[in-house]
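Notes follow once the structure below has been shown.
We use all heavy atoms of the structure for the numbers below, so side chains are in, but hydrogens, waters and symmetry mates are not. The sequence lines fix the lettering, A, B, ..., with proteins before strands; numbering per chain opens at 1.
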Amino acid sequence: MYSEIVMDHFRNPRNVGRIENADGVGQVGNPKCGDIMKIYLKINKDEIIEDVKFETFGCGSAIASSSIATEMIKGKSIHEAVGLSNKAVVEALGGLPPVKIHCSVLAEQAVKSALYDYAQKNNKVIKGLENYKPEDDEIHCQH
Amino acid sequence: MYSEIVMDHFRNPRNVGRIENADGVGQVGNPKCGDIMKIYLKINKDEIIEDVKFETFGCGSAIASSSIATEMIKGKSIHEAVGLSNKAVVEALGGLPPVKIHCSVLAEQAVKSALYDYAQKNNKVIKGLENYKPEDDEIHCQH
Amino acid sequence: MSKKLYLDNAATTRVKREVLDEMRQYFDELYGNPSSQLYELGRKSKQAIEKARKTLADFINADEKEIYFTAGGTESDNWALKGVAFANFNKGKNHIITTKIEHHAILHTCEYLEKFGVETTYLDVDRYGLVDLEQLKESIRPETMLISVMYANNEIGTIQPIEEIGKIAKEHGILFHVDAVQAFGSIRIDVNKLNIDLMSMSAHKLGGPKGIGGMYIRKGTRIDNFIHGGGQERGRRAGTEGVQNIVGFGKAVEIASRNLDERAERLTALRNRLVEGIKNNIPDVVLNGHPTRRLPNNVNFSFKYVEGESILLLLDMEGISASSGSACTSGSLDPSHVLLATGLDHGTAHGSIRFTLSEEITEEDIDYTVETMKNIIAKLRAMSPIKNDEDLKKN
Amino acid sequence: MSKKLYLDNAATTRVKREVLDEMRQYFDELYGNPSSQLYELGRKSKQAIEKARKTLADFINADEKEIYFTAGGTESDNWALKGVAFANFNKGKNHIITTKIEHHAILHTCEYLEKFGVETTYLDVDRYGLVDLEQLKESIRPETMLISVMYANNEIGTIQPIEEIGKIAKEHGILFHVDAVQAFGSIRIDVNKLNIDLMSMSAHKLGGPKGIGGMYIRKGTRIDNFIHGGGQERGRRAGTEGVQNIVGFGKAVEIASRNLDERAERLTALRNRLVEGIKNNIPDVVLNGHPTRRLPNNVNFSFKYVEGESILLLLDMEGISASSGSACTSGSLDPSHVLLATGLDHGTAHGSIRFTLSEEITEEDIDYTVETMKNIIAKLRAMSPIKNDEDLKKN
Ligand SMILES: Cc1ncc(COP(=O)(O)O)c(C=O)c1O
Ligand SMILES: Cc1ncc(COP(=O)(O)O)c(C=O)c1O
């Protein structure tokens, strides 16, 4: 069902945990839908993501998506990181089953949401997040 | 499906054939229904059935019913023979499947019909055949 | 009686050794539920099903997504007819065209659908069992939603002009269902070339297990589900899959596809030998079905002046298993509706025997069968009060 | 990972060795079509079916003539509902009463029947999954033709008050269908004592093969046929019988009936050990289903703050096969309709795991499972952004 890479990231997720006094925190999803992702960013003055951690409530691919997303943005500048697409996450994972694609979307949104939080707190504008509204991004599961 | 006795009579039918110049001949059934039985009787002056033969077009139980019926009336007086019931045929055969009961009915009718023929030719009345009309006895298969 | 000759392969077939071998581990080793994708055992079952699906799809030139597993040919036939009829329920289309010689799975389903307002036209067949394309065209109405014609008949083996019928159906925008239960595995079928929208298949006619069938549904076909419940078969046919049976079905199809042409050729030769043997050795017989457009393994004769069941019982005593009419109706008193539709009179129809061959049969077996039949027919005719065609036609 | 522990016996079971042994000869030795009564091979198949039928009948105190073989529990459920609904088609009776926690084979069939004018009342259940008899009585209308309530739930194991429901149905002259797929084989069922008119059974839940089921139909019940065609099953369910599967089903029932009570007792003890083990070793868990009125082999817990699929994947890595919700819905994103009906919030429902035991399980296996779950839940909770019930209830 899942690729080797997904299973590897699920089994040994990278960057699990929290960052106290993080520079940016983003949380997306909700328990009703069965997925929540929370991303913590430590960003230095050169706008490089020095550290990133995640917490996820969700299925195997949600955990794997969070894990790989943190790896993909760690050490990147915030301007690069904001370009992380769910498609890139899916590709990096070696594919996801169709019913699980939304997990990669959540990962993209969690990263964006954390960056947005950082931008708000620091009164910055990140290209690509100008019109970002966290609440718009919410996936509504159908219940 | 069939009892041992049915199979024995089917395999080795008794009294197969015709009697030339028979004293009574009866034929019942029709090809449409898939069964025809013809019974030939040789009856002596004491009204005893000296010989009996049959010809049958039909299924295994039709052949077995004819065979055992001829055995049951051979050597009997015509007054005994007229009492041969389909029930007696079924019992003597050790039973018949429900869908095959009509074969025993045909055997009873064939015997009656042959006795009737004899009675007609010889201007006799056989008790139990007073009101017998061969055509009434015809089984109508449903096509 | 030491000889054992099974000549009723249209009723069902022996499960092939290779098929059983393939099935074996799906009973107590790989027994997972294919819906359980979160553990190995479940995934293995699912993979096994998908492998079988691909085998079937390739065999008839379909896409895997167009193949569904059912409990048999009968369920597939029911699904096709009821599924299309109910998809059109209260929508103005309510007419089905089929033939008088379909299997009861089709005929009784059509009868049943009457109570839902469905009307059926039953096409006649000629003395060989072939439908008339002109009559088919004339029967088409604006309300016609489905044409259902069997590929090959189970009793007399006649093969219908499926490609021509497919063309007519397509021209008129009418769905075309084919009951291919008898043809599947012995004739090469290309659902695209033939314009088939729906097709019924069954495993136990080609060396697979009993109780498993297949249904081809062309992508985009408007048809209701027939069995509702869990999400199996991509949500189209609910119920825990008979995994072991599906595996066996797949294997049987794989074997059938391997040497289909040679097998058909060999069977045709044996079939013709049996036909000639009977014709040349037994008087007053009628070959039922078409002389050449017939299944490679089907022989069906009427033996005048005698009745079928008696023949079968005597054949059984000589170790030969055959059938009289179709397997489903044996035990019934009515002569076969198929034979009557070809114009046979009742009396003659009653004396009909079907021999359906398998790969295991040899020329010696055929000759033994001819010899045995010669004796049986002679014995029964000696016992019969019917001696000529005049007697036969009475009543 | 050397340990292999299959704890998903409500999804399906390993076919028992004795069952397979019994089936074996029906593939390539006794392969006759049961409709072919005129030769030995066909009669043997028929006898085998009738033997299995008698085993089932005796087991539930029915008459052999009241037992029909189908392709599985799903087909039986479809037959019961559609058969009764269509027998009443356009006759004024058009109302079915069932529950919110039925299997999808029932729920989706009811939904489908809407297009034929059928209305369904779905009864609520309490937090333990029990239906309310008062609500049932209030739901009865003059048009009610059928009450369909499952014997035991497949997810949470709750056993319904079937006898009481049977009484109510009888008092009102309404047919009573019971989906006994999960209960059959582990609970003694007497269809007469319980006033059951129709009952669905399935072989693969009790060590029999997949793709074969049973249907009890009380004599005199007005129900349409579901699959039309040949005269099999006394003209009530057409299609060449899956003889080998029927034989396996019969054997599985025979085995189940042998030591039913001891087995239930042993499983209940194991079940309770698992329930206590989890309760005592893992905080923030909810036992789903009724504490005592539940299947002897069913354990279902919600583990707060974590999600079910992750648990299953980690369990699989430790060699344990279990399920999250019902097998049919795994892979779907919705939490189980059964758990929601018992009043669980979505978040908690997402973290539910079902363990269903078999005779093969030992106390050590149970303890291993508890230990493994303890570690898995700790690991996932460490990763979870949800830490308490407040978080859980957001949204
Ligand atoms: C032409 C035809 N259609 C349908 C069927 C029914 O298939 P099954 O026996 O798999 O139910 C048969 C065989 O009995 C058949 O010969
Ligand atoms: C309660 C219940 N009903 C019906 C079914 C369907 O039975 P089957 O899997 O044989 O189609 C199942 C099992 O999946 C079940 O648990």
Side-chain angles (χ1 to χ4, degrees), chain C residues 6 8 11-15 17 20 27-28 31-33 35-41 71-75 77-78 89 103-105 108-109 112 115-116 204 209-212 225 227-232 238-245 309 312-313 316 321 323-324 327-332, chain D residues 6 8 11-15 17 20 27-28 31-33 35-41 71-75 77-78 89 103-105 108-109 112 115-116 204 209-212 225 227-232 238-245 309 312-313 316 321 323-324 327-332:
Chain C
Y6 182 73
D8 202 9
T12 195
T13 55
R14 179 203 295 270
V15 173
R17 176 58 55 175
L20 182 53
F27 290 95
D28 54 359
Y31 56 88
N33 189 318
S35 295
S36 309
Q37 285 299 291
L38 294 174
Y39 49 80
E40 190 64 17
L41 220 43
T74 299
E75 182 190 322
D77 283 348
N78 274 259
F89 182 67
H103 191 268
H104 283 139
H108 290 162
T109 300
Y112 179 68
K115 84 184 237 177
F116 297 95
H204 74 100
K210 294 179 180 61
I212 190 77
N225 286 356
I227 299 190
H228 296 81
Q232 293 92 349
T240 301
E241 303 89 334
V243 182
Q244 77 286 358
N245 271 350
E309 189 202 279
L312 287 185
L313 288 171
D316 187 36
S321 302
S323 99
S324 173
C328 296
T329 55
S330 82
S332 115
Chain D
Y6 182 73
D8 202 9
T12 195
T13 56
R14 179 204 296 271
V15 173
R17 175 57 55 174
L20 182 52
F27 290 95
D28 53 0
Y31 56 88
N33 189 319
S35 296
S36 309
Q37 286 298 291
L38 295 174
Y39 49 80
E40 189 65 17
L41 221 44
T74 299
E75 183 191 322
D77 283 348
N78 274 259
F89 182 66
H103 192 268
H104 283 139
H108 290 162
T109 300
Y112 179 68
K115 84 183 237 177
F116 297 95
H204 74 99
K210 294 180 180 61
I212 190 78
N225 286 356
I227 299 189
H228 296 81
Q232 293 91 350
T240 300
E241 304 89 335
V243 182
Q244 77 286 358
N245 270 350
E309 190 204 278
L312 288 185
L313 288 172
D316 187 36
S321 302
S323 99
S324 172
C328 297
T329 56
S330 82
S332 114

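- Taking chain C as the reference chain and counting heavy-atom pairs below 4.5 Å, the highest number among D:His204, D:Arg14, D:Glu75 is found for D:Arg14.
- When all heavy atoms of D:Leu38 and C:Leu312 are compared, the closest pair comes out as CD1-CD1, 3.3 Å.
- Take D:Tyr112 and apply the ring pair (Phe, Tyr, Trp, His ring centres under 6.0 Å) test, not counting sequence neighbours, and it matches C:His228, D:Phe116.
- In this structure, the side chains of D:Lys210 and C:Gln244 come closer than 4.5 Å at one or more pairs of heavy atoms.
- Of all non-hydrogen atoms in C:Ser36 and D:Asp8, the two that sit nearest each other are OG-OD2, 3.7 Å.
- C:Glu40 places no side-chain N or O within 3.5 Å of a backbone atom of D:Asp316 that could act as its donor or acceptor partner.
- In this structure, NE2 in C:His108 is found 15.0 Å from CD1 in D:Ile227, a value given to the nearest 0.5 Å.
- Of all heavy-atom pairs spanning D:Asn33 and C:Ala11, the tightest one is ND2-O, 3.0 Å.
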task: List the steps and the verdict of side chain to side chain contact (heavy atoms under 4.5 Å, CB included) for D:Leu20 and C:Asp28.
output: CA-CA 8 Å; D:Leu20 182 52; C:Asp28 54 359; 4.1 Å; yes

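- D:His104 contributes no side-chain N or O that, together with a main-chain N or O of C:Gly229, makes up a donor-acceptor pair within less than 3.5 Å.
- Counting heavy-atom pairs under 4.5 Å between each of C:Leu41, C:Thr12, C:Asn245, C:Asn78 and chain D puts C:Asn78 at the top.
- With sequence neighbours excluded, the residues forming a side-chain hydrogen bond (donor to acceptor under 3.5 Å, both in side chains) with D:Glu309 are A:Tyr2, A:Lys100, listed by chain and number.
- Contact annotation for C:Asp77: neither backbone nor side-chain heavy atoms come within less than 4.5 Å of a heavy atom of chain D.
- For the set D:Gly32, D:Pro209, D:Ser321, D:Gly73, the entry with the most heavy-atom pairs within less than 4.5 Å of chain C is D:Ser321.
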- request: With side chain to side chain contact (heavy atoms under 4.5 Å, CB included) as the test, would you mind laying out the steps for C:Tyr39 and D:Leu313 before giving the verdict?
  value: CA-CA 7 Å; C:Tyr39 49 80; D:Leu313 288 172; over 6 Å; no

